[in-house]
**Q** 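Starting off with a structure, shown below.
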Amino acid sequence: MRTSLPTSGTAWPELKAQMQQRRSGDIDWRGGRASVYVFHPGDDVLDVAHEAYGDFISENGLGPGAFPSLKQMERDVVDMALGLQNAPEGAAGTMTSGGTESIVMAMKACRDHARDNGFTGAVPEVVAPQSTHPAFDKGANLLGMRVVRVPVKDFVADVDAMARAITENTVMLVGSAPSFPYGIIDPIRALAEIARERSLWLHVDACVGGYVAPFVARAGFPVEPYDFSIDGVTSMSADLHKYGYAAKGASTVLYREKARFNYQVFRFNDWPAGSMSTPTLAGTRPGGAIAAAWAVMNYLGEEGYVERARRIVATRNKLADGVGQLGFEVFGDPQVSLLAFGGDRLDIDAIGKALYAEGWMSSRTSEPKGIHLMISPEHEQVADEYLETLARLVAASKSGQLSSEGPEIGYSS
Ligand SMILES: Cc1ncc(COP(=O)(O)O)c(C=O)c1O
């Protein structure tokens, strides 16, 4: 039966209690049980984001003239982002609602730039590694473009195969830093070389890595270069609501040159309410998301992010060693905050489902089959417990006590 609007209202304390009750079936992310969807940096950071979001909950990023506070906060956030990604003078960008919107906006900018610069084909193409996030296919669907997916080699972009996939319709190359499925940074330098040679737009999808990789590097660990210090990187997506630890609804899309960014902006005046110019897909933009990102970045500062990056790397190393001892194989050589592991001799489906049944939520990989962890600073507290659980489930699986039947719990199901 459909729920109808109640005739009269209910007092907030009762509603709050009801909502807490509804939450009882949700994954226990505060207890470190989620390694997808939530990036837990510690309660103090959440308090800052919460309060800043609440303070600007009614303000609207659509109206910079009405809210110079938001305009300046967004400019500060984008400036900090450009600095972290080693963008040169003259670079530009905006905040968006998330990784998907950042990617779609960069694709729109690329498409319109190509058309303004002699591209006459019907369907502009994006050449991307098979490990690229589906946000590009969503963007292509919306924008009348096409994504050509190229198989990966050793879990990263196969640069030669990508070069061979370029046709006269290609307008964009993509590399991820890192890719969602494997957590490995694609060879961006090599992709940039091709992009320069063939005058193509190279987008680096650093949605996951953009706000953790720079700090892993500053903490002294090796990180494959991926940012604007590489000549040939045209644009980048980097999500604040992942490892920027901001409230949800916050990402950045960045361009080496303001002239390229200008293609992102949509301008319109053929209606009876004057001209409208918006840089993002959204019209109304939540002031809270801008304010919370600004507050969290300033609250943590470089030291706060580096300290969390250290904890992430320590946890990642502990988990990688632990799963290796249990007979799993870690996919590739993860340098940032993701870890995926599998193995032919273990029943990954059965173990993955049993983990979920015991309250541990993570996504899974399908090529090859694996378990996929996005590590948060707070996972430090539960890494031992996770490995103990996994050891027990591996033993149970080997003695035939686990079943791989039942519905698959995937990344977005
Ligand atoms: C590499 C990568 N790109 C893009 C996205 C899409 O981001 P969002 O879910 O914020 O739209 C994700 C999400 O996990 C991602 O991992």
Side-chain angles (χ1 to χ4, degrees), residues 29 34-40 49 77 81 85 93-108 126 128-143 147 149 152 155-157 172-186 188 191 202-213 223-224 226-227 233 235-254 280-282 285-286 289-290 292-293 312 331-332 334-340 361-366 370 372-376 410-413:
W29 59 267
S35 61
V36 59
Y37 309 136
V38 178
F39 301 80
H40 191 2
V77 167
Q85 307 305 339
T94 47
M95 287 183 67
T96 70
S97 63
T100 301
E101 189 181 358
S102 287
I103 288 166
V104 172
M105 296 323 295
M107 290 173 75
K108 176 210 169 330
V126 176
Q130 181 64 18
S131 53
T132 302
H133 193 275
F136 287 87
D137 301 77
K138 187 184 277 187
N141 184 283
L142 292 168
L143 292 162
V147 180
R149 286 180 172 262
V152 294
F155 304 107
V156 293
M172 179 186 260
L173 298 180
V174 176
S176 302
S179 73
F180 177 83
Y182 309 123
I184 321 262
I185 299 177
D186 284 323
I188 304 298
L191 288 172
L202 173 61
H203 182 83
V204 174
D205 180 10
C207 280
V208 174
Y211 292 97
V212 62
V223 174
E224 172 85 17
Y226 70 91
D227 65 17
V233 172
S235 58
M236 184 188 296
S237 41
D239 291 355
L240 292 155
H241 63 196
K242 294 189 173 80
Y243 287 99
Y245 309 122
K248 297 249 181 327
S251 171
T252 41
V253 56
L254 311 171
T280 54
L281 199 55
R285 292 199 291 149
I290 298 171
I312 286 172
F331 300 157
Q335 293 182 325
V336 200
S337 50
L338 270 77
L339 182 72
M361 177 84 220
S362 70
S363 47
R364 303 262 295 281
T365 59
S366 52
H372 175 271
L373 304 176
M374 291 205 269
I375 298 159
S376 290
Y411 171 42
S412 69
S413 55

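When a ligand or atom number is given, it counts from 1 through the structure's own listing order.
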**Q** Could you give the distance from OG (Ser176) to CG (Asp186), rounded to the nearest 0.5 Å?
**A**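 These two atoms lie 5.0 Å from each other.
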**Q** Does Lys138, at its NZ atom, have more than 12 non-hydrogen atoms belonging to other residues, nucleotides or ligands within less than 6.0 Å?
**A** no
**Q** Taking only heavy atoms of Asp239 into account, list the atoms of ligand 1 that are under 4.0 Å away from them.
**A** 7 (O), 10 (O)
**Q** Is there at least one pair of N or O atoms, one from Thr100 and one from ligand 1, spaced under 3.5 Å apart?
**A**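 Right, the criterion is met.
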**Q** Check Asp205 against ligand 1 and report side chain, backbone, both or neither, counting heavy atoms closer than 4.0 Å.
**A** side chain
**Q** Judged on heavy-atom distance to atom 9 (O) of ligand 1, which of Lys248, His133, Lys242 sits nearest?
**A**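 Looking at heavy atoms only, the winner is Lys242.
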**Q** At a 4.0 Å threshold, what atoms of ligand 1 neighbour a non-hydrogen atom of His241?
**A**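 In order of number, 10 (O).
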**Q** Checking contacts here: is it the side chain or the backbone of Cys207 that comes within 4.0 Å of ligand 1, counting heavy atoms only? Could be both or neither.
**A** side chain
**Q** Which of the numbered atoms in ligand 1 are under 4.0 angstrom from any heavy atom belonging to Val208?
**A**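 The atoms of ligand 1 under 4.0 Å from a heavy atom of Val208 are 1 (C), 15 (C), 16 (O).
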**Q** Sequence neighbours excluded, which residues qualify as ring pair (Phe, Tyr, Trp, His ring centres under 6.0 Å) partners of Tyr211?
**A** none
**Q** Is there a donor-acceptor pair under 3.5 Å between the side chain of Ser251 and the backbone N or O of Ala238?
**A**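 Between the backbone of Ala238 and the side chain of Ser251 there is a qualifying donor-acceptor contact (under 3.5 Å).
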**Q** In this structure, does ligand 1 have an atom that sits under 4.0 Å from one of the heavy atoms of Ile103?
**A**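 The answer is yes, since Ile103 has a heavy atom less than 4.0 Å from ligand 1.
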**Q** May I ask you to check whether Gly99 has an N/O atom sitting below 3.5 Å from an N/O atom of ligand 1?
**A** yes
**Q** Just how far is it from atom CG of Leu339 to atom OG of Ser35, taken to the nearest 0.5 Å?
**A** 9.5 Å
**Q** Nearest 0.5 Å please: distance from the CD1 atom of Ile188 over to the CG atom of Leu202.
**A**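 Rounded to the nearest 0.5 Å, the CD1-CG separation comes out at 6.0 Å.
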**Q** Is any N or O atom of Glu101, backbone or side chain, closer than 3.5 Å to an N or O atom of ligand 1?
**A**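 Between Glu101 and ligand 1 (N or O atoms, distance only) the closest approach is not under 3.5 Å.
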